[in-house]
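Here the structure is a predicted model, which means the values were calculated and not measured.
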Amino acid sequence: MDYVLGVDIGTQGIKGVILNEDLKTVAKTYMEHDYFQPRSNWYEHDVEKIWWGGFKQIVRQLLKKVDFSSEHIIGVGCSGLSPCFLPLDKNDRPLRNAILYGIDTRAMKEIKEITKELGEEHILNNNKQPITTQTVGPKILWFKKNEPEKFKQTKKIFTTTNYIVYKLTGNYVLDHTQAAFFGPFYNFNNHSWDQEMCSLFKVPYELFPPLKKSIDIAGTITTQVAAETGLAKGTPVIIGTADGLAEIFSAGGFEKGEVTLIYGTTGIIVINTDKCPIMKELWIAPHPINDNAYLVAGGTVATGALTKWYRNNFGVIEQAMQERININAYDLLSKQAENISAGSGGLITLPYFSGERTPINDPLARGLILGLTVYHTREHVYRSLLEGAAYSFQHHLDVFKQYGFRISRVIACGGGTKGNLWPQIVSDVIGYDQFIPSSPLGAEIGSAYMAAVAVDLVSDLKFIRRFIENEGFHCIKTNYKNHEVYQQYYRLYRSIYENIKEDMHQLAAYSEKSIEKEER
């Protein structure tokens, strides 16, 4: 029997899986890691330790769990947190830690400079999405301005997946789907790097890699890598794509009109479409596989990050009980919050605890829990955090409808779907039933699926779709009584930000000065 291997490098952990030709899991493993914060709202990874070192460890752990030779693995797929920025020198050595995706807001000045220089209309026409903290271009310019000597030494620019692919195969390549987030240096209309923008901002065109589809073969495992990982020399490696997009494939969200909600550290919402509108609220990217389709997506900075923040700071009891009775602290918190009615007793959370990406694209937005009284308990607050993330999902769905996208079905995946409470709250807020596949989920699964198609282990995406359909779905049905309640709260959720965003920005400025003093 032949097999495929998939690995996903996330913000706070790395996952790996081996699937057989029936797409059944024969081995899986997970390993935690953390990010580095040199300053407030700066997020980095040590790539040799976390990306490459973690990849090698995960592969070795997987191979120990199977009773067959790695020569039976005929394809490798990798996904990762994206888009990140990593510069390498002429000797292929990282010149600094990788700067992470939209949660890192250090390049705000550069965002303003690019937007002022080009104008919003030009950017939207060429890039099909605004320049935001989720865009790599401003981070390249930040690096050029703040670390000029290192910039002069830069010979290649990477994000997570193509760095791993480069280490595995020696080939420098990137998928168009992730390249779309490298504005203003990617021209969406031409599906190529933009020489004019490179000249304007004095960034060498040669720094950027050749572009292909996510599902294309990038190359094969080298002799050196075979010795380091245990994988067989000559094993094909696909180009791969971003973690959120790979996770969509694990859930089967391939069809036009299907929306996939990903409950992760950050929340991702994506719709498959054949439309390519000019829109400033969301991101649009070429489809990883289908030449005649696009993915319109958005990202809430803090979803699972909110629950982790709460657990770490206010869930000491639940963490202690987890150690004692072996029940997950999040499950204990959710169990308590189940007894709280929709609306959390008059609380509304704006989940902007790390600024916000889409649809408001405001890195200076700040988190808010409004309506607190002495009546409220920890349970009210925890449920309100879950509801705040759900309101953000609805905000994205409203933008989809605004641009004329028809929603045929909502699929859900990610760690937050493991419990019952959060998915139920989301369905009650958005007014759509959610279908959670019973088949294994995760970006590592999606990467393995993509590898399976690329090496002809399975015929096409329809085979994967049939497999997922046959495994079945768990349906979270909307409670329309709760939906009516939530619509009242949602209207307030939308108006609160508009009414106080200037105050948020002023508070952010005060906060930045205070943090700078503490760091000194």
Side-chain angles (χ1 to χ4, degrees), residues 244 247-253 258-271 297-300 302-308 310-311 318 327-344 347-349 351 379-398 400 407-443 445-446 468-469 471-487 489-490 493:
E247 190 146 5
I248 293 170
F249 285 97
S250 79
E258 286 186 334
V259 171
T260 304
L261 303 181
I262 302 175
Y263 296 65
T265 302
T266 64
I268 301 293
I269 179 168
V270 183
I271 187 168
T300 299
T303 47
L306 285 184
T307 60
K308 183 177 181 180
Y310 187 91
R311 182 202 66 177
E318 286 75 20
I327 297 178
N328 188 282
Y330 294 115
D331 292 338
L332 293 170
L333 289 166
S334 293
K335 194 67 179 174
Q336 297 167 64
E338 283 177 359
N339 298 320
I340 305 300
S341 60
S344 300
L347 296 184
I348 293 179
T349 291
E379 292 82 2
H380 286 94
V381 173
Y382 188 73
R383 183 181 180 107
S384 180
L385 296 178
L386 303 182
E387 291 173 345
Y391 296 143
S392 178
F393 279 143
Q394 178 165 357
H395 193 175
H396 286 85
L397 290 172
D398 285 352
F400 288 166
I407 299 169
S408 60
R409 180 163 74 161
V410 177
I411 299 170
C413 57
T417 63
K418 293 178 181 177
N420 292 322
L421 178 61
W422 202 356
Q424 186 63 61
I425 287 173
V426 171
S427 276
D428 293 351
V429 168
I430 68 176
Y432 285 91
D433 297 346
Q434 291 174 90
F435 295 86
I436 303 174
S438 301
S439 56
L441 298 169
I445 299 283
I468 294 170
E469 295 282 358
E471 292 288 297
F473 291 86
H474 172 52
C475 181
I476 306 294
K477 291 191 171 293
T478 302
N479 180 322
Y480 286 99
K481 184 178 179 180
N482 285 347
H483 180 63
E484 290 180 11
V485 173
Y486 279 131
Q487 290 315 287
Y489 282 90
Y490 175 67
Y493 168 87

If the condition is side-chain hydrogen bond (donor to acceptor under 3.5 Å, both in side chains), which residues does Thr265 pass it with, not counting sequence neighbours?
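Result, side-chain hydrogen bond (donor to acceptor under 3.5 Å, both in side chains) vs Thr265: Gln12.
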If you look at every heavy atom in [X] and [Y], which pair is closest and at what distance?
X	Y	answer
Phe249	Ile468	O-CD1, 3.9 Å
Ser250	Leu441	O-CD2, 3.6 Å
Trp422	Leu386	NE1-O, 3.2 Å
Gln394	Val429	OE1-O, 3.0 Å
Cys475	Phe435	SG-CE2, 3.9 Å

Could you measure the distance from the NE2 atom of His380 to the CG atom of Asn339? Nearest 0.5 Å is fine.
10.0 Å
Flag for [Y]-[X]: side-chain donor and acceptor within less than 3.5 Å:
X	Y	answer
Thr478	Ser427	no
Gln434	Gln424	no
Thr349	Glu387	no
Ser392	Thr300	yes

Donor-acceptor pairs under 3.5 angstrom involving side-chain atoms of residues 408-421: please list them, not counting sequence neighbours.
| unit_1 | atom_1 | unit_2 | atom_2 | d |
| --- | --- | --- | --- | --- |
| Ser408 | OG | Gly257 | O | 3.2 |
| Ser408 | OG | Glu258 | N | 3.4 |
| Arg409 | NH2 | Glu258 | OE2 | 3.3 |
| Arg409 | NH2 | Glu469 | OE2 | 3.4 |
| Thr417 | OG1 | Gly414 | O | 2.7 |

Considering only heavy atoms from C-beta outward, does the side chain of [X] approach that of [Y] to under 4.5 Å?
X	Y	value
Tyr391	Pro351	no
Ser344	Tyr489	no
Glu318	Gln336	yes
Tyr330	Thr307	yes

Can you list the steps and then say if Tyr310 with Val381 is a side-chain contact (heavy atoms from CB on, under 4.5 Å)?
CA-CA 9 Å; Tyr310 187 91; Val381 173; 3.9 Å; yes
Could you walk me through whether Ile425 and Tyr486 pass side-chain contact (heavy atoms from CB on, under 4.5 Å), step by step?
CA-CA 9 Å; Ile425 287 173; Tyr486 279 131; 4.0 Å; yes
